[in-house]
Number of protein chains: 2
Amino acid sequence: MNQTSSKRRATVHDVARTAGVSLATVDRVLNSRAGVRAATAEKVEAAIALIGFQRDLSASLLARARDLRLTFIIPDGTNEFMTSLAEAVARRAEQALTDRMHIQTLRIAALNPDALAQGLDRLDAQSCDCAIIVAGEEPSVLAAVDSATRRGVAVMTLVSDLPGSLRRCFIGIDNVAAGRTAASLLGRFLPMGGKIAIVAGSLHLRDHSDRLEGFRACLGAEFAGLELIGPVEGHDERPQTERIVAELLGEHPDLAGLYNLGAGNAGLVGALESSGRAGNIRVIAHELTGPTRRGLQSGAIDVVLDQNPDGEIREAIAAARNLAINANAHVVTSPSEIGIFLRDNLR
Amino acid sequence: MNQTSSKRRATVHDVARTAGVSLATVDRVLNSRAGVRAATAEKVEAAIALIGFQRDLSASLLARARDLRLTFIIPDGTNEFMTSLAEAVARRAEQALTDRMHIQTLRIAALNPDALAQGLDRLDAQSCDCAIIVAGEEPSVLAAVDSATRRGVAVMTLVSDLPGSLRRCFIGIDNVAAGRTAASLLGRFLPMGGKIAIVAGSLHLRDHSDRLEGFRACLGAEFAGLELIGPVEGHDERPQTERIVAELLGEHPDLAGLYNLGAGNAGLVGALESSGRAGNIRVIAHELTGPTRRGLQSGAIDVVLDQNPDGEIREAIAAARNLAINANAHVVTSPSEIGIFLRDNLR
DNA sequence: TTTATCATGAGGTACGTGCCTCATGACCTT
DNA sequence: AAGGTCATGAGGCACGTACCTCATGATAAA
């Protein structure tokens, strides 16, 4: 049974006493100011490690009379998932004020790596402690991430990762697992076999290709009785997706299942409903947004795999606070949970 | 586009100036100390509302040189879900120290309302700001919750709610929705119909009866081709559950699906595996624990519906902080997300 | 040796809030 | 009118950290 331990939390005073130096020196080390010999700095570091000192972030922010400043950079445009991400940020921003955090959102033209890079370039350590970005893997973006990191602006990736960069951590789901999950559900939904079509946004997007990989692997290994059609690309846009889904439906009157691993779900639902076959085909899509929600309600979509924007934003904010406490800590973030929604557990 | 607003956050000084009173008076109102006329207090309240003052929790805790103290009361025993809840609390407790929160866990004999009530009775406002409890609906518990609330210890319910009490909020999933979700999945898994058995822990537990209600409603409305057997009760214990599942399997050689809405999943998996029919029956269970995880891996269980202990604990802590900022605020908490796990998206 | 440079210590103020003491003046009671 | 009660104001100290100035002593450069 955990009893209330009355052990006092270690403070800078304790560090000073343990290291045998003055408060001023501890302060210089903690805030990496000049004027400390390497040997002295090491004594201080050792004392910190010994007594397990952890900077009190709140007191620190209070003393500086400033907030922790986070900047979210989220693609602008018609993608409903990005909109809901931005909304989740906004919701969280209010409460965060209470914890001395100032959260700013930048919407930047989707699929425009240079615009994103410029946005990152404009951030400086004086006005932003941490940037959280949703970005594709492009050279100019990678360069901007590394440059921002070196300027003292920590960068975290959201939804889609940038493994080769200096980003401090990634917040998002395991998209390979998401693809496997879709396959595993569809496989169970169709115990007698049949044709399954795959629709993607663009296979140049890492999350999309990861989902495809997982989907194929699981289907091949566990549900050999299913025949795969596609993938065909709808570029995450409503009209294109509607057109290609309509074509698929026309070409395959016996289509049994459909997996849309990208966006453009308004088009997907539109095509299904005007074909008159909504409800007769098992359909799995991604991201709980207006169109997918309506699809679930009407029965056109069976299952939606989701990223839970609110959870990811919370996670991102928590990670940013940890970074602020210990700038060179290795931040560990486990992939967030994949949300699975049916009509019956809509939130 | 949100630009960085340089508006300063309102402080007690601003409240004093706006209300035309002194700092001391504002302080007396804020901390409900005596010696303020009703009319004056109202002026202060009005000023607070006008300028949107929010107490800075961190500074407040700092000034009092103390932590926010939370006590989790979680049933002790063999129930693996409760263990994982307690583990989630422990994980969170470390990080919480950074935010000046001290988290204590009390494990109390499961299904023992009087022990729980005594535990609550022992908490006083001097040593505990908020209690978060997992409790069944019993008169002695309800009384203890109300008494604790009146003593100044806020109480929140976790997993299972106590609607009639003075508890400040409930953190948990919508169990009726969980039941509906199970039915909806099983229905899609068995498009050709068949027999489905229901196993419960005890229908006197509110969460169990809620799940049953949702399951039946959805099945009746959408999947009329399925025949329902049970519910039979296994009292959340391994041996009893194993026995009754073995009996069910024996009596129904054509069983197509099984829904265990309670615990005791080690017994469920054991019975399925020793019958040799694991994998041939679609099985849905609750709570991602050791046994259900193994069941998913081996294929004995198809889907696990989960409460996500970590998420619920985080939610509870956030709600407790809000309560601390504004003791008489109406805390709104939406039901947490129902986690749905297959072998393919295990975390 | 003298001077410059540097590492370090001592101590102050500030941040927003809680909590304390003491003084002042208004009102009520008799 | 004298004494009492009560609401309120003024101000200080504390919490843990940041950041500043100034003094002191050590070491290196001239």
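Reminder, nothing fancy here: chain letters follow the sequence lines and each chain counts from 1.
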Among residues at least two apart in sequence or on other chains, which ones pass salt bridge (Lys or Arg N to Asp or Glu O under 4.0 Å) with B/Arg17?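 B/Arg17 satisfies salt bridge (Lys or Arg N to Asp or Glu O under 4.0 Å) with B/Asp14 once adjacent residues are dropped.
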
Non-neighbouring partners of A/Arg122 that pass salt bridge (Lys or Arg N to Asp or Glu O under 4.0 Å), sequence neighbours left out: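 Expected list: none.
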
Restricting to pairs with a member in [range], which pass salt bridge (charged side-chain N to carboxylate O under 4.0 Å, His left out), not counting sequence neighbours?
range	value
residues 19-38 of chain A	A/Asp27-A/Arg33
residues 43-64 of chain A	A/Asp56-B/Arg100
residues 126-144 of chain A	A/Arg66-A/Asp129, A/Arg69-A/Asp129, A/Glu137-A/Arg206

Using the side-chain contact (heavy atoms from CB on, under 4.5 Å) criterion, which residues pair with [X]? Sequence neighbours excluded.
X	value
B/Ile317	B/Leu70, B/Phe72, B/Arg92, B/Met101, B/Ile103, B/Ile313
B/Gln54	A/Thr98, B/Ile325
A/Ala143	none
B/Ser84	B/Phe81, B/Glu87, B/Pro309

Among residues 51-68 of chain A, which ones have heavy-atom contacts with DNA chain C below 4.0 Å?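 Of all residues in residues 51-68 of chain A, the ones placing a heavy atom under 4.0 Å from DNA chain C are A/Leu62, A/Ala63, A/Ala65.
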
Which part of the nucleic acid, if any, lies within reach of B/Asp27 when heavy atoms closer than 4.0 Å are counted: base, sugar-phosphate only, or nothing?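 Base contact.
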
Residue pair A/Thr149 / A/Asp146, side-chain donor-acceptor N/O under 3.5 Å: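 Looking only at side-chain atoms, A/Asp146 and A/Thr149 do not form any donor-acceptor pair under 3.5 Å.
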
Distances for protein N/O vs nucleotides 22-29 of chain C N/O pairs under 3.5 angstrom?
none

Closest approach to the side chain of A/Val21, judged atom by atom: which nucleotide of D/dA7, D/dC19, C/dG9 is it?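 Selected nucleotide: C/dG9.
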
At 10 degrees resolution, what angle do the end axes of the helix from C/dT1-D/dA30 to C/dT30-D/dA1 form when each is taken over five base pairs?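 Between the first-five-pair axis and the last-five-pair axis there is 40°.
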
